[in-house]
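To start, the structure itself, in structure tokens.
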Amino acid sequence: MLDINFVRQNPDEVIAMLQRRQMGKDTPKVNKLLELDSDRKQMVQRADELKALRNRVSREIADIRRTGQGSGEELIQQMKTVSDQISDLDAALATLETEMEEILLGLPNRLHDSVPAGRNADDNVLYKGPVEFIHQLDFPVRNHLDLGKSLGILDFERGAKISGAGFPVYVGKGARLERALINFMLDTHTSNHGYTEVFPPFMVNQESLRGTGQWPKFADQVYHIAEDGLYCIPTAEVPVTNLHRGEMLDAASLPIAYAAYSACFRREAGSYGKDTRGFLRTHQFNKVEMVRFTRPEKSYEALEEILGHAENLLCALKIPYRVITLCGGDISANAAKCYDIEVWSPAEDKYLEASSVSNFEDYQARRSNIRFKPDGKSKPEFVHTLNGSGLATSRLMVSLLEHYQTAEGKIKVPEVLQPYTGFDIIE
RNA sequence: GGAGGAUUAGCCUAAUUGGUAAGGCAGCAGUCUUGAAAACUGCCGGGUUUGCGCCCAUGGGGGUUCGAGUCCCUCAUCCUCCGCCA
């Protein structure tokens with residue numbers, strides 16, 4: 001959420017940001033917001049004057065009664081009218097503020113200056129890589145679906161039977177490999193990268209979705225358990241960032257770094273026909289997520305660190321990847337800056353997004369009211385929040401299976417995973 | 001699911017029959033000191049204002065009232081007990 005004070009003082013900058021994001025058509029929203037803001041100010045003034053009057057006279061009534069000078073009946077009658085006026089004004093204000101909040105919640109975040117200009121994904125800019133590792137694939141490569149099926153480690157058909165399309169089942173060594181990946185990633189983050197492990201709930205309430213910005217914008221992409229008012233998390237970012245919702249963090253505790261595994265649930269409504277085969281797009285997948293809370297001046301430093309932590313995993317696994325900087329037209333509304341890490345899929349013959357590393361600056365912190373006091377006398381400030389996948393297993397598994405396949409259709413297990421799997425080959 | 005109790009600022013704790021939130025700790029600044037501690041003084045929820053001031057704020061949301069921390073309804077969370085159950 002943007003600061004209404006910032007919008008009021010820098011409307012041109014906000015409108016320029018919308019244009020950089022290819023959202024120029026939302027410009028009227030900004031003007032409407034400023035109009036409402038101005039109306040609000042006048043109404044608040046009038047209401048405050050009436051409230052001041054009521055408070056003063058109420059104290060007079062109390063004095064009159066205490067000293068036995070009378071009942072104050074005349075004043076009470078006058079204040080009845082005043083109170084009615086206040087009620088009307090407050091009701092009108094509440095309507096107006098709701099309208100303002102709806103607009104404000106719908107406006108995207110500011111963009112960092114370093115975010116490249118561009119209309120869509122084609123305009124994203126290569127930041128690092130490609131980072132290659134030696135893999136001998138001097139035979140016709142098979143894709144992850146073929147490999148998974150022939151080795152009996154992935155079962156999409158039964159997944160479709162028990163749940164629906166997009167709910168894969170891992171079986172035997174496939175299940176073990178998936179669990180090994182998750183454990184390897186979590187162990188690396190906690191042991192080598194300084195993160196505190198969190199195992200969060202997989203369902204959250206609507207306030208949490210709102211806090212991280214998935215609500216209301218992505219309401220149609222989230223699984224909803226209507227009876228209990230709960231939502232399946234689309235990413236661990238939601239429960240983990242909301243751990244500190246409404247809190248005043250101790251400045252000495254910053255930066256806070258959490259790593260969390262969670263299953264992630266996404267309806268993927270409207271994306272059928274696009275990368276839907278096998279693991280490329282599923283309704284449920286596994287992901288280890290890194291989440292950070294930092295002082296504002298440290299957040300861009302943290303962004304590079306998180307990116308580095310995600311890259312370390314791919315280097316250890318020896319899976320080729322590249323890093324791109326998302327351009328203004330492709331970056332998500334919540335983020336001020338975002339890197340995507342893409343892994344190479346030899347069978348698909350293209351890069352697949354396996355991680356997104358973002359700095360949200362104070363956008364989420366303002367929505368979820370996460371603050372700290374820089375020092376004793378200064379006012380509370382919003383922290384900056386960041387997160388990065390480290391990593392999502394589904395696309396990673398695609399790349400892993402394909403890169404580590406042998407000419408005989410077996411899968412070698414990457415060396416760093418062997419302590420976790422207990423075997424070095426899937427056949 | 002049922003009964004009772006609780007929720008006040010970063011933390012802890014007060015508030016007559018309803019009369020408009022009192023303190024303490026921590027923190028920050030200053031005085032004193034070679035330095036530190038102690039002591040003393042000031043600041044110490046949010047908004048608005050050049051300022052005085054004004055408004056809002058007692059878990060969330062409603063209601064009664066001229067006026068609600070206080071009375072009523074409802075929801076959430078925690079504690080105690082009862083019931084049910086993996």
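Just so we're on the same page: letters track the sequence lines, and every chain starts at 1.
- Rounded to an integer number of Å, the gap from CD of Q77(A) to C1' of rC66(B) is 9 Å.
- In the set rC55(B), rG46(B), rU48(B), the nucleotide with an atom closest to the side chain of K41(A) is rU48(B).
- Side-chain N/O atoms of K80(A) include one lying less than 4.0 angstrom from OP1 or OP2 on rC66(B).
- The side chain of M79(A) lies closest to rC66(B), out of rU20(B), rC66(B), rU48(B).
- Comparing R8(A) and A47(A) by the nucleotide of RNA chain B whose heavy atom lies nearest to each, the residue mapping closer to the 5' end is R8(A).
- Between rG4(B) and rC72(B), the distance separating the two P atoms is 12 Å to the nearest Å.
- In summary, D90(A) and K51(A) engage in a salt bridge, as defined by a charged side-chain N under 4.0 Å from a carboxylate O.
- Between N55(A) and the phosphate of rC56(B), there is a side-chain N or O to OP1/OP2 separation shorter than 4.0 Å.
- Rounding to whole angstrom units, CD1 of residue I76(A) and P of rG18(B) are separated by 15 Å.
- Atom-to-atom, CZ of R54(A) to C1' of rC56(B) comes out at 12 Å; the value is rounded to the nearest Å.
- Summarising the geometry, the separation between CE on M248(A) and C1' on rA57(B) is reported as 14 Å, rounded to the nearest angstrom.
- One finds no salt bridge joining R266(A) and E268(A) here, because no Lys/Arg side-chain nitrogen approaches an Asp/Glu carboxylate oxygen to under 4.0 Å.
- Ion pair D362(A)/R366(A) flagged as a salt bridge, since at least one NZ, NE, NH1 or NH2 atom sits closer than 4.0 Å to an Asp/Glu carboxylate oxygen.
- Using atom C1' as the reference point in both rG67(B) and rA76(B), the two lie 28 Å apart (nearest Å).
- Aromatic pair Y231(A)/F218(A): ring centres not closer than 6.0 Å.
- Taking atom NZ on K51(A) and atom P on rC54(B), their separation rounds to 15 Å, with Å as the unit.
- The base-pairing partner of rA22(B), taking Watson-Crick or G-U wobble contacts with both distances under 3.5 Å, does not exist among the strands shown.
- For the C1' atoms, the distance linking rU80(B) with rG61(B) amounts to 27 Å, nearest Å.
- To the nearest whole angstrom, the two C1' atoms, one in rG30(B) and one in rA38(B), are 16 Å apart.
- When both pairing distances are held under 3.5 Å, rC54(B) makes a Watson-Crick or G-U pair with rG47(B).
- Listed pair S83(A) / rG67(B) meets the phosphate criterion, a side-chain N or O lying under 4.0 Å from OP1 or OP2.
- Atoms CG (D84(A)) and C1' (rU64(B)) sit 13 Å apart, rounded to a whole Å.
- For F265(A) and F167(A), the gap between ring centers reaches or exceeds 6.0 Å.
- Going from atom CG of D90(A) over to atom P of rG62(B) covers 10 Å, rounded to whole Å.
- Just one of L401(A), L313(A), L181(A) meets the side-chain contact (heavy atoms from CB on, under 4.5 Å) condition when paired with L396(A); it is L181(A).
- Taking atom P on both nucleotides, rC55(B) is separated from rA21(B) by 10 Å, rounded to a whole Å.
- Atom CD in E97(A) sits about 13 Å away from atom P in rU48(B), given to the nearest Å.
- Nucleotides rA3(B) and rA22(B) have their P atoms positioned 37 Å apart, rounded to a whole Å.
- Using atom P as the reference point in both rC43(B) and rA6(B), the two lie 35 Å apart (nearest Å).
- The closest side-chain heavy-atom distance from L36(A) to K32(A) is below 4.5 Å.
- The separation of rC71(B) from rC82(B), taken at their C1' atoms, amounts to 29 Å, rounded to a whole angstrom.
- Across all strands shown, rC78(B) pairs with rG5(B); the Watson-Crick or G-U wobble distances both stay below 3.5 Å.
- With a cut-off of 3.5 Å on both Watson-Crick or G-U wobble distances, the partner of rU17(B) is given as none.
- As the counterpart of rA29(B), rU41(B) is assigned, both hydrogen-bonding distances of the Watson-Crick or G-U wobble pattern falling under 3.5 Å.
- Among the protein residues, I61(A) comes within range of the nucleic acid bases, having at least one heavy atom under 4.0 Å from a base atom.
- The residue among L53(A) and R65(A) whose nearest nucleotide of RNA chain B is located toward the 5' end is R65(A).
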